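Here's the structure, in structure tokens; my notes come after.
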Amino acid sequence: MIKFKEKTREELIVSFKRAIERKREFEKEAPKEFVDMLKRGAALKSALCLP
């Protein structure tokens with residue numbers, strides 16, 4: 001059986017699938033968080049009355 005750093009082939013496949021899912025979730029959430037950051041920045045800017 002093939003092992004890489006004490007993980008079997010099946011364990012590696014499962015961990016890659018989990019990593020892909022986490023990446024997909026991040027790609028969905030990142031634009032939402034960016035919009036939120038822009039809104040907070042605009043609110044802060046207007047609160048400080050900067051041109």
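Just so it is clear, the model here is predicted, and its values are computed rather than measured.
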request  = Might you point out which heavy atoms bring Glu33 and Arg40 nearest each other, and give the distance in Å?
outcome  =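 The pair with the smallest heavy-atom distance is O-NH2, 4.5 Å.
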
Taking atom CG of Asp36 and atom CD of Glu29, what is their separation to the nearest 0.5 Å?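 The CG atom of Asp36 sits 9.5 Å away from the CD atom of Glu29.
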
(message) Would you say that Lys28 contacts Glu25 through its side chain, given a criterion of any heavy-atom pair below 4.5 Å between the two side chains?
(response)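 No, every pair of side-chain atoms sits at 4.5 Å or beyond.
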
Contacts under 3.5 angstrom, residues 11-18 side chains, donor-acceptor by atom type, not counting sequence neighbours:
from  : atom 1 : to    : atom 2 : distance (Å)
Glu11 : OE1    : Thr8  : N      : 2.9
Ser15 : OG     : Glu11 : O      : 3.3
Ser15 : OG     : Leu12 : O      : 2.8

### Query
Does Glu27 come within less than 4.0 Å of Arg24, counting only side-chain N to carboxylate O?
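Not counted as a salt bridge, because no side-chain N and carboxylate O are separated by less than 4.0 Å.
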
